[in-house]
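Only one structure is covered here, and it is reproduced in the block below.
All values below were derived from every heavy atom in this structure, side-chain atoms included, with hydrogens, water molecules and symmetry-related copies excluded. All residue numbers in this chain count up from 1 along the given sequence.
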Amino acid sequence: MPRPSRRPAGAAGDPRPDRRVRAFVIVVLFGISLLAGRLVQLQGADAAVLAERALKQRTSSTTLYAHRGDILDDRGVVLATSVERRDVIADPSIVKTFNTRTDGSKYDDDLAQGPAGAAAKLAPVLGIDEATLTAKLTGDNQYAVVAVGITPEVWQQVADAGVSGITARRTTQRIYPAGAAASTLVGVLGTSGEEDGKTVDRPLSGLEYAENELLTGTDGSMRYERSLGGQEIPLGDKETVEPVDGTSLHLTIDSDLQWKAESAIAAKVAETGARSGTVVVMDKQQRLLAMASAPSIDPANLTNLRNEELNNTALTESFEPGSTAKVVTLAAALEEGTSTASSQFVVPWELRRSDKTFHDSHEHPVEKLTLAGIMAQSSNTGTIQAGEEMDSRTLYDYQRAFGFGKRTTLDFPGETGGILADPEDHSGTQRFTVMFGQGLSVNAVQAASVFATVANDGVRVEPTLVAGTSDPNGNTTASPPGASTRVVSASTAKTLRDMMQAVVSEEGTAAAAEIPGYLVAGKTGTANRYDSECGCYSGYTASFIGMAPADDPELVVAVILQDPKTNYYGGAAAGPVFKDVMTYALQQRGVAPSTTAPANLPLTWGEDASAAAEVPGGAAGDTSAG
């Protein structure tokens with residue numbers, strides 16, 4: 001008889017089912033405990049770290065560009081300013097998913113999707129070739145510059161296209177409303193590529209370079225949360241550091257007068273085939289009202305630009321002044337009392353001094369000229385006779401006092417101080433050549449400064465170009481006045497003005513500079529031009545510098561032409577430009593016409609007196625005509 005089985009019914013093959021259940025429960029509980037522990041870790045100990053990491057992944061930063069300070073003229077007319085622009089940035093890894101119409105529906109055509117589809121929408125707006133734009137938008141990288149310097153209006157059209165992965169960063173563009181008229185004075189900025197993810201503009205010349213630290217502000221920044229499409233999340237985390245704008249410059253320059261001077265000298269350079277031309281306009285307090293140079297540059301087109309084209313020749317070009325420097329020699333003679341305006345000189349056309357024979361600009365019989373006549377006829381030999389009555393150190397001291405041989409306090413980029421040798425270093429002939437303006441060099445502002453000093457009753461004031469500044473809040477600070485120094489007495493200055501009136505007359509060398517209704521005092525110069533390229537004298541420097549009204553001076557205009565080809569006489573070439581610019585300036589500024597009679601100083605003495613006309617010639621290095 002068979003033995004009954006001890007296994008419960010239904011438990012075939014598993015004698016201990018309760019063990020299996022317990023094991024399963026333990027495994028499940030262990031898994032739950034691991035998940036619970038991880039959950040506690042994530043929500044507790046690691047929550048802050050993970051939240052920070054997630055925020056960082058969806059956070060973007062952008063630069064808030066500071067506004068570069070403006071440059072304005074004496075009436076607040078803007079010569080340089082910065083305008084808001086946008087650089088368009090793409091994330092190609094997002095752009096490749098593009099497949100949406102503006103109404104939200106999807107494209108069916110594969111060619112209208114991804115980078116090609118995005119380019120088809122954006123190319124017409126940005127003005128970029130579609131194939132070129134497609135290439136920029138293609139790839140797995142997350143950063144590509146699509147376009148730079150577009151206006152906010154164009155950016156709005158780009159944003160309205162609704163292409164995911166397209167964002168913009170704010171930037172600025174420097175513009176120059178006065179164009180070429182003040183370009184070498186104001187200077188320009190040049191783009192030098194990207195630095196730390198932003199477009200960098202660097203000053204190249206002029207006041208943009210000289211005052212860069214003052215003009216440049218401090219950029220700010222903005223950190224914000226963005227969506228997968230790259231757009232800012234309106235209520236997301238956001239942190240902003242506001243930019244600090246730069247300081248603006250207020251110049252003494254009159255933009256209208258600057259334009260007039262620029263136009264006049266550019267036309268004369270073209271007419272005479274000159275290498276370059278310069279016009280300086282200042283008042284008798286030596287506030288610079290215009291500093292024009294030709295050729296000039298277009299600040300909106302800096303391609304193929306040469307460094308020398310950036311220079312403002314009024315300060316950066318050094319030249320031998322020629323006969324305009326005779327004013328200093330004769331001023332010294334008057335002030336030292338070695339001569340008076342009516343002092344009598346016997347003036348030959350050639351004069352032997354040291355080991356050299358010096359000539360006047362043209363051959364003439366022996367003349368009997370007064371000191372005023374020597375000025376009017378621009379006689380080299382007469383000037384030597386007046387100058388040698390002083391020792392060379394005395395003349396040197398006056399030349400220094402008038403501003404020769406040292407830079408101005410303008411601190412302008414590339415400014416030259418000119419050359420003025422110490423008398424101890426003079427050659428045998430240089431003692432005499434410096435009397436009539438050769439063997440030394442100046443810039444145009446220095447040359448004009450001599451005449452402004454005479455106009456200001458003998459007191460020289462350091463030239464000024466920046467009238468003041470204004471901070472981003474509009475608070476203005478005036479620049480301190482230039483240091484003043486008395487160079488000659490008021491009576492000497494008046495005598496010089498009276499003597500120079502004869503220059504601008506039929507008896508003088510600059511009849512072309514006469515202005516109806518106004519007395520004009522000035523001096524011509526036609527100097528042999530030193531050419532550094534050949535290390536020799538080549539061509540001429542033609543100039544005229546004058547003041548008006550001569551009876552009560554308000555303005556000084558200096559005109560310099562370098563190496564004119566068709567007409568190199570100072571009176572004939574530079575005089576008409578002076579007349580054009582000075583006439584405009586007097587009328588623009590409402591200067592009343594002269595009310596006194598012209599000065600009537602004797603130019604000759606004796607019965608055989610004769611007048612000389614300006615006809616340059618003679619040996620190079622020996623002449624300095626008119």
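In this structure, His362 has its ring center no closer than 6.0 Å to that of Trp349.
The two atoms that bring Ser276 and Glu317 nearest to each other are OG-OE2, 3.3 Å, heavy atoms only.
For the 3.5 Å distance criterion, the side chains of Ser323 and Ser378 qualify, holding a donor opposite an acceptor. When only modelled atom types and interatomic distance are considered, Thr408 and Glu462 share no side-chain donor-acceptor pair under 3.5 Å. Side-chain N/O atoms of Thr416 and Asn443 include no donor and acceptor closer than 3.5 Å. Using modelled atom types and a 3.5 Å distance limit, the side chains of Asp397 and Thr394 yield no donor-acceptor pair. For the 3.5 Å distance criterion, the side chains of Ser594 and Thr596 fail to qualify, holding no donor opposite an acceptor. Donor-acceptor pairing under 3.5 Å is recorded for the side chains of Glu320 and Tyr537. Neither side chain, Thr329 nor Thr383, offers a donor N or O lying under 3.5 Å from an acceptor on the other. Of the N and O atoms on the side chains of Thr340 and Ser343, at least one donor lies less than 3.5 Å from an acceptor on the other residue. A side-chain N or O of Ser293 and one of Thr184 form a donor-acceptor pair less than 3.5 Å apart. Side chains of Thr278 and Thr313: a donor on one and an acceptor on the other come within 3.5 Å. Glu415 and Thr316 form no side-chain donor-acceptor contact under 3.5 Å, judged by distance and modelled atom types alone.
Partners of Arg353 under the side-chain contact (heavy atoms from CB on, under 4.5 Å) rule, at least two apart in sequence or in another chain, are Leu351, Phe358, Ile384, Glu388, Phe432. Residues satisfying the side-chain contact (heavy atoms from CB on, under 4.5 Å) test with Ala592, not counting sequence neighbours, are none. In terms of the salt bridge (charged side-chain N to carboxylate O under 4.0 Å, His left out) criterion, Glu363 has no residue partners (sequence neighbours excluded). Under the salt bridge (charged side-chain N to carboxylate O under 4.0 Å, His left out) criterion, Glu336 pairs with no residue at all, not counting sequence neighbours. For Asp283, the salt bridge (charged side-chain N to carboxylate O under 4.0 Å, His left out) partners at least two apart in sequence or on another chain are Arg287.
No donor-acceptor pair closer than 3.5 Å links the side chain of Glu335 to the backbone N or O of Leu330. A distance-only check finds no donor-acceptor pair linking the side chain of Thr492 to the backbone of Val488 [under 3.5 Å]. With Gln399 contributing its side chain and Leu420 its backbone, the two residues share no donor-acceptor pair below 3.5 Å. Panel note: side chain Gln377, backbone Glu507; a donor-acceptor pair is recorded below 3.5 Å.
Residue pairs meeting the side chain to side chain donor-acceptor pair (under 3.5 Å) criterion with at least one partner in residues 553-562, sequence neighbours excluded, are Arg529-Gln562, Thr541-Gln562.
Atom CG of Asp425 has more than 12 neighbouring heavy atoms from other residues, nucleotides or ligands inside a 6.0 Å radius.
Here Arg75 pairs with Asp254 in a salt bridge; the nearest charged N to carboxylate O distance falls below 4.0 Å. No salt bridge links Asp256 with Arg589; every basic N to acidic carboxylate O contact stays at or beyond 4.0 Å. A salt bridge links Asp580 to Lys260: one of the charged nitrogens lies within less than 4.0 Å of a carboxylate oxygen.
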Before you tell me yes or no, could you show the steps for Lys494 and Asp551 under salt bridge (Lys or Arg N to Asp or Glu O under 4.0 Å), namely the whole-Å CA-CA distance, both residues' side-chain angles and the distance that decides it to 0.1 Å? CA-CA 9 Å; Lys494 182 182 185 307; Asp551 50 334; over 6 Å; no
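Taking the six-membered ring where the residue is Trp, Phe544 and Phe578 present perpendicular rings, their angle passing 60° and hence far from 30°.
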